[in-house]
Amino acid sequence: MELHKIDQYWISLFLTAIILTINQTAKGAGAEGIGVNYGLLADNIPPPESVVAFLKSKNIQKVRLFDPNQNVLTALRGSGLDVVIGVGNEDIERLANDMSFAASWIMNNVAPHIPNVNFKCIAVGNEVSPDSLLHVTPAMKNLDAALKAINHAIPVSTAIEMRMLSSSYPPSSGAFSSQFMADIVAFLAANSYPLLANVYPYYGYDPKYVRLEYAMFTAREVVVQDGPYGYKNLFDAMVDSLYWALEKVGGNTVKIIVTECGWPSAGNGDIATIENARTFNNNLIAHVLSNSGTPKRPGQNIETYIFALFNEDLKAVGFEQHWGLFYPNTTEVYPVNFSPQ
Ligand SMILES: *[C@@H]1O[C@H](CO)[C@@H](O)[C@H](O)[C@H]1NC(C)=O
């Protein structure tokens with residue numbers, strides 16, 4: 001009798017261990033954390049079906065698209081990948097003013113792929129200019145209403161650039177420059193949707209004022225002390241400046257997803273080098289997957305999409321063509337470890 005109980009105890013402990021292991025494996029496989037931006041400004045990248053197979057072969061399970069490209073979405077059907085899908089900036093004003101256009105945008109671009117595509121979020125515009133920002137909240141509301149009308153729940157947000165902050169140094173000075181950000185944040189907070197942000201230490205790095213190690217996640221000691229918060233890397237400082245800005249407009253509960261981050265491998269002297277890009281992106285992945293969070297949000301994972309999957313030859317000449325982790329022929333520009341320990 002006693003023996004039987006002990007057996008049951010060990011069996012249940014064993015099963016619990018197996019279940020925990022399976023959960024860990026699912027997480028380690030990229031269910032949380034790292035994705036890539038799949039840009040299409042190139043005339044030499046593989047067709048979408050090949051790209052989706054390539055992503056899966058690399059264990060990359062999240063992808064961001066800038067447009068509702070139907071060939072790409074069709075290729076993504078049944079892939080199991082998480083997808084952030086973008087609304088073109090040129091459509092935002094009409095989406096804001098015309099509910100039937102918002103309904104047809106959802107019916108044409110999103111509805112046909114549910115449930116075969118895992119839509120993670122809809123990004124209503126990318127780096128919308130301050131002049132057009134007033135249209136973003138009404139456009140988000142209309143798309144959200146259109147989704148709810150057909151009983152679908154997909155977070156709706158917008159991807160902002162760091163220039164939407166009037167100040168970001170020190171991080172606690174972070175504040176939005178546009179009054180319209182308060183409307184956007186109120187909508188996100190009310191619906192528990194995340195704010196999407198393009199966070200580039202590359203643009204914040206200036207060798208005159210910033211140590212390379214601070215940009216590269218390789219500083220061993222605190223470089224910037226901001227009240228109780230000590231910063232060893234620029235990425236955390238930039239993300240926290242956004243969290244401070246959110247708090248100042250009532251967005252304490254709004255989470256940030258980093259929709260773009262990366263480092264170009266050529267085209268800007270000794271800053272954009274293969275060595276720097278390799279160091280930055282590998283350390284970024286390790287940082288994100290460590291789930292250490294930022295000094296202001298310790299332990300909160302920062303889902304991050306690396307810019308970009310491929311070098312894109314139709315972008316402006318110079319470093320803009322060299323953000324890719326891979327050449328168009330899928331050879332790696334430098335080794336990237338998507339599953340560091
Ligand atoms: C892929 O393209 C890169 C850059 O053009 C080149 O260096 C490399 O040799 C190519 N790899 C293959 C397998 O063709």
Side-chain angles (χ1 to χ4, degrees), residues 29-30 33-67 69-84 86 126-127 198-203 205 207 212 215-218 235 258-289 304-341:
I34 287 289
V36 292
N37 282 271
Y38 176 7
L40 293 164
L41 296 177
D43 57 15
N44 53 1
I45 56 177
E49 301 71 37
S50 311
V51 172
V52 171
F54 178 66
L55 290 170
K56 295 189 74 163
S57 76
K58 292 288 171 187
N59 200 21
I60 299 170
Q61 305 202 340
K62 293 171 178 292
V63 66
R64 174 183 177 222
L65 311 175
F66 291 91
D67 300 295
N69 181 297
Q70 292 304 303
N71 292 333
V72 173
L73 288 171
T74 301
L76 283 164
R77 292 171 74 97
S79 68
L81 271 72
D82 286 340
V83 177
V84 173
N126 185 43
E127 302 189 346
N198 299 341
V199 176
Y200 283 103
Y202 174 74
Y203 291 120
Y205 172 66
L212 187 61
M216 291 286 145
F217 301 90
T218 50
F235 176 82
V258 174
T259 30
E260 291 179 32
C261 186
W263 201 281
S265 61
N268 182 9
D270 58 4
I271 296 174
T273 62
I274 285 184
E275 178 60 24
N276 283 350
R278 184 183 66 195
T279 303
F280 180 86
N281 281 321
N282 279 290
N283 288 344
L284 171 69
I285 293 169
H287 180 57
V288 167
L289 295 184
T304 298
Y305 292 75
I306 295 178
F307 189 90
L309 180 56
F310 294 117
N311 279 343
E312 293 171 66
D313 65 337
L314 301 181
K315 300 195 78 172
V317 173
F319 70 87
E320 289 288 5
Q321 295 189 351
H322 299 281
W323 289 96
L325 300 175
F326 298 94
Y327 293 113
N329 62 11
T330 70
T331 299
E332 60 188 15
V333 179
Y334 43 86
V336 178
N337 185 358
F338 292 100
S339 320
Q341 293 311 306

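Atoms within each ligand, like the ligands themselves, are counted from 1 in listed order. Since the model is a prediction, treat every value here as computed from it, not as a measurement.
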> Roughly how far, to the nearest 0.5 Å, is OH of Tyr38 from CG of Leu55?
Replying inline: 7.5 Å
>> Is the ring pair Tyr202/Phe319 parallel, tilted or perpendicular, if the boundaries are 30 and 60 degrees?
In response: tilted
> Is at least one protein non-hydrogen atom found at under 4.0 angstrom from atom 2 (O) of ligand 1?
Replying inline: yes
>> Would the distance check show the side chain of Asn282 and the main-chain N or O of Pro335 forming a donor-acceptor pair, the cut-off being under 3.5 Å?
In response: yes
>> Please compare Asn311, Asn329, Thr330 and report which has the shortest non-hydrogen distance to atom 11 (N) of ligand 1.
In response: Asn329
>> Under a 3.5 Å distance rule, please check whether Glu312 uses its side chain to pair with a backbone N or O of Ala42 as donor and acceptor.
In response: no
>> If I take atom CZ from residue Phe310 and atom CG from residue Leu40, how far apart are they, to the nearest 0.5 angstrom?
In response: 10.0 Å
>> Protein heavy atoms near atom 5 (O) of ligand 1, is at least one of them under 4.0 angstrom away?
In response: no
> Tell me: protein heavy atom nearest atom 7 (O) of ligand 1, and distance?
Replying inline: Tyr327 CE1, 4.7 Å
> What is the closest protein heavy atom to atom 13 (C) of ligand 1, and at what distance does it sit?
Replying inline: Thr331 OG1, 3.7 Å
